[in-house]
Amino acid sequence: MLKKIPVADVRPGMFIEKLDGNWLKHPFWKTSFKLQSKKDLDALINSSITHVWIDIEQGDDIEDANVAETVTAIEETQKEEQPKSVSLEDELNAARETLARAKESTIQMFQQARMGQSIKTEDLAPLVDEISESLNRNAAAILTLTRMKTSDDYTYLHSVAVCALMIALAKQLNYKGDLQELGTAGLLHDIGKVAMPDEVLNKPGKLTDEEYEIMKSHPRRGWEILRDSFNAGETALDVCLHHHERVDGKGYPDKLSGDDLSLVARMGAVCDVYDAITSERCYKPGWDPAEALKRMAEWQQQGQFDKTVFNAFVKTVGIYPTGTLLKLKSGRLGIVTEQSEQTLLKPRIKVFYSTTSKSPIPQKIIELSRSQEVIESIETPENWGFNRQRIMDILAS
């Protein structure tokens, strides 16, 4: 039985069947779920949603006498389990250290795989855990830093980035599987590239048809390496083999589509593409993250990505991901520092430059969700004379 109730009457323990309003303007990637936490309740109350439909057969009714007890019990549990979050500025240094270790570990892993040496995936567990802990403290730090890699670092830090993105996306999706296995799958998804000729893998120009066919063999070669030289689990094997599949069946190597594609393969496809197109490569500069998401939204509509997974991914990184350079109607430039719990369309930004006077201005944090300021456009840092390091310096200051 369904009931429509005001958001003010919602309590943890209720089963939300439907949220009124556009998905971009509410804080959840889905509209049918059991509300479990005080944090999610606060996000709902602070959103633009005014009413919800609850299913009293799957969750608490509005008149349930035990609602207050349920809220108290959940709050106490969260106090014990909630990881301590820190500011972006505080986490950036720790995330840099994590990435440095991750890069070295990934280089060693690829080298061993290239030489045909056996590798135990459990040896990767501490690295995956460290990446996961950084995400828990402040996800934007490590996700932003991995996007800033150079073309020389791409092969190795791409694997680390996909690991981090997979874990972050899993949390948004309320993924029920093992996060450590999923993160390991992200680290190993491109291991097949060790079997690709260097002249093809690192070619600065467009690949010929023959070279492209060689590159398309890397998922299966990776699957073979994981099967023969790693004690890899099914999740890693699946993501490695199928991260270039598409939901419309036009991907490779097996042209799987629809329900034949597992959830982890669909997740891997989105994370892999996002990091690839936002990273500097030997043959092209990286796209701005917000522009990348716009393009990916078009590709999703054309059948490349799973819609639910892609929508959850947008909520994971934000429509304007951390580090995005925005121009405001006032003529000021600002860098996105944090997402808003109210709406993905109005992040928290740090303004630092006037396009009118073409000069720096005192840095100031603006909560766009609480300001009259309006975003005019997404800007490319290089067009204003800023490189990626300058953007990171502003974020860290």
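All values reported here derive from a predicted model rather than from experimental measurement.
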Can you give each donor-acceptor pair under 3.5 Å made by side-chain atoms of residues 241-252, sequence neighbours left out, with the distance rounded to 0.1 Å?
unit_1, atom_1, unit_2, atom_2, d
H242, ND1, D238, OD1, 2.8
H242, NE2, D254, OD2, 3.2
H243, ND1, V239, O, 3.0
H243, ND1, C240, O, 3.0
H243, NE2, D190, OD1, 3.3
H244, NE2, H218, NE2, 3.4
E245, OE1, K255, N, 3.1
E245, OE1, L256, N, 3.1
E245, OE2, D254, N, 2.7
E245, OE2, K255, N, 3.4
R246, NE, D248, OD1, 2.9
R246, NE, D248, OD2, 3.4
R246, NH2, D248, OD2, 2.7
D248, OD1, K250, N, 3.1

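- For R221 and E224, the salt-bridge test passes: some basic side-chain N is under 4.0 Å from an acidic carboxylate O.
- Qualifying side-chain hydrogen bond (donor to acceptor under 3.5 Å, both in side chains) partners for E130, counting only residues two or more places apart in sequence or in other chains: T98, R101.
- Annotation: salt bridge (charged side-chain N to carboxylate O under 4.0 Å, His left out) contacts involving residues 103-115, sequence neighbours excluded, comprise K103-D153.
- Legend: ring pair (Phe, Tyr, Trp, His ring centres under 6.0 Å) pairs involving residues 87-135, not counting sequence neighbours, sorted by first then second residue: F110-Y156.
- We find the NZ-CD1 distance between K34 and I16 to be 11.0 Å, quoted to the nearest 0.5 Å.
- Side chain to side chain, S397 and Q363 meet the donor-acceptor criterion of an N or O pair below 3.5 Å.
- Every residue two or more places apart in sequence or in another chain was checked for a side-chain hydrogen bond (donor to acceptor under 3.5 Å, both in side chains) with R388, and none qualifies.
- Within the model, atoms CG of L263 and NZ of K176 stand 12.0 Å from one another, a figure rounded to the nearest 0.5 Å.
- Taking the charged nitrogens against the carboxylate oxygens, D60 and R11 have no contact shorter than 4.0 Å, which rules out a salt bridge.
- The salt bridge (charged side-chain N to carboxylate O under 4.0 Å, His left out) test applied to K327 returns E376, not counting sequence neighbours.
- Nearest approach of G331 to T355, heavy atoms of both residues: O-OG1, 2.5 Å.
- When every heavy atom of L145 is checked against every heavy atom of A95, the shortest pair comes out as CD1-CB, 3.6 Å.
- By the 4.0 Å N-to-carboxylate-O rule, E373 lies close enough to R332 to be salt-bridged with it.
- Counting only heavy atoms from C-beta outward, the side chains of E17 and I54 never approach each other to under 4.5 Å.
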List the atom pairs, with distances to 0.1 Å, where a side-chain N or O of residues 264-274 and a protein N or O form a donor-acceptor pair under 3.5 Å, not counting sequence neighbours.
unit_1, atom_1, unit_2, atom_2, d
R266, NE, L261, O, 3.0
R266, NH1, D306, OD2, 2.5
R266, NH2, G258, O, 2.3
R266, NH2, L261, O, 3.3
D272, OD1, H158, NE2, 2.8
D272, OD1, H189, NE2, 3.1

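- In this structure, K3 and I56 approach most closely via the heavy-atom pair CD-CG2, 4.3 Å.
- Interatomic distance, S340 OG to L368 CG, rounded to the nearest 0.5 Å: 8.5 Å.
- Between the CZ atom in R390 and the CD1 atom in I335 there is a gap of 7.5 Å [rounded to 0.5 Å].
- Every ring pair (Phe, Tyr, Trp, His ring centres under 6.0 Å) that F386 has, sequence neighbours left out, goes to F352, Y353.
- More than 12 heavy atoms of other residues, nucleotides or ligands lie within 6.0 Å of CD in Q117, so this atom counts as buried by the packing criterion.
- Here the side chains of L165 and F313 are in contact, with some heavy-atom distance below 4.5 Å.
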One pair to check against side chain to side chain contact (heavy atoms under 4.5 Å, CB included): E367 and I349. What are the steps and the verdict? CA-CA 7 Å; E367 301 278 357; I349 69 170; over 6 Å; no
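- Put simply, the residue from K149, R147, R281 that forms a salt bridge (Lys or Arg N to Asp or Glu O under 4.0 Å) with D275 is K149.
- For N93 and E97, the side-chain atoms include no donor-acceptor pair closer than 3.5 Å.
- A distance-only check finds a donor-acceptor pair linking the side chain of S354 to the backbone of T356 [under 3.5 Å].
- Other cluster members for I361: none, since no ILVMFWY side-chain heavy atom sits under 4.5 Å from it.
- Partners of E211 according to the side-chain contact (heavy atoms from CB on, under 4.5 Å) rule, which considers only residues two or more places apart in sequence or in another chain, are V200, K203, L207, T208.
- Formation of a donor-acceptor pair under 3.5 Å by the T146 side chain with backbone atoms of I142 is found in this model.
- Between the T343 side chain and the L345 main chain, a donor and an acceptor come within less than 3.5 Å of each other.
- Here R370 pairs with nothing under the side-chain hydrogen bond (donor to acceptor under 3.5 Å, both in side chains) rule; sequence neighbours left out.
- For T324 (side chain) and P321 (main-chain N/O), a donor-acceptor pair under 3.5 Å exists by modelled atom type.
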From CA spacing to verdict: side-chain hydrogen bond (donor to acceptor under 3.5 Å, both in side chains), N383, E379: CA-CA 8 Å; N383 290 346; E379 297 293 321; 5.4 Å; no
Return a table of donor-acceptor pairs under 3.5 angstrom between the side chains of residues 227-235 and protein atoms on other chains or two or more places apart.
unit_1, atom_1, unit_2, atom_2, d
N231, OD1, T121, N, 2.9
N231, OD1, T121, OG1, 3.2
N231, ND2, E122, OE1, 2.8

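- Residues L92 and M392 come closest through the heavy atom pair CD2-CE, 3.8 Å.
- Between the side chains of D90 and S87, at least one donor-acceptor pair of N or O atoms lies under 3.5 Å.
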What's the verdict on side chain to side chain contact (heavy atoms under 4.5 Å, CB included) for Q180 and I167, showing C-alpha distance, side-chain angles and the deciding distance? CA-CA 8 Å; Q180 192 178 86; I167 294 172; over 6 Å; no
Yes or no on side-chain hydrogen bond (donor to acceptor under 3.5 Å, both in side chains) for E382 and N387, after CA distance, side-chain angles and deciding distance? CA-CA 6 Å; E382 288 75 14; N387 57 26; over 6 Å; no
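- Among all heavy-atom pairs drawn from P289 and T278, the shortest one is CA-CG2, 3.9 Å.
- Pairing each heavy atom of A236 with each of L188, the nearest pair is CB-CD1, 4.4 Å.
- Within a 6.0 Å radius of NZ in K284, other residues, nucleotides and ligands contribute more than 12 heavy atoms.
- Considering CG of L237 and CG of L226, their distance stands at 5.5 Å, rounded to 0.5 Å.
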So V374 and L328, side chain to side chain contact (heavy atoms under 4.5 Å, CB included) or not? Walk me through it. CA-CA 6 Å; V374 177; L328 305 179; over 6 Å; no
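- Taking CG of L169 as the start and CG of L173 as the end, the distance is 4.5 Å to the nearest 0.5 Å.
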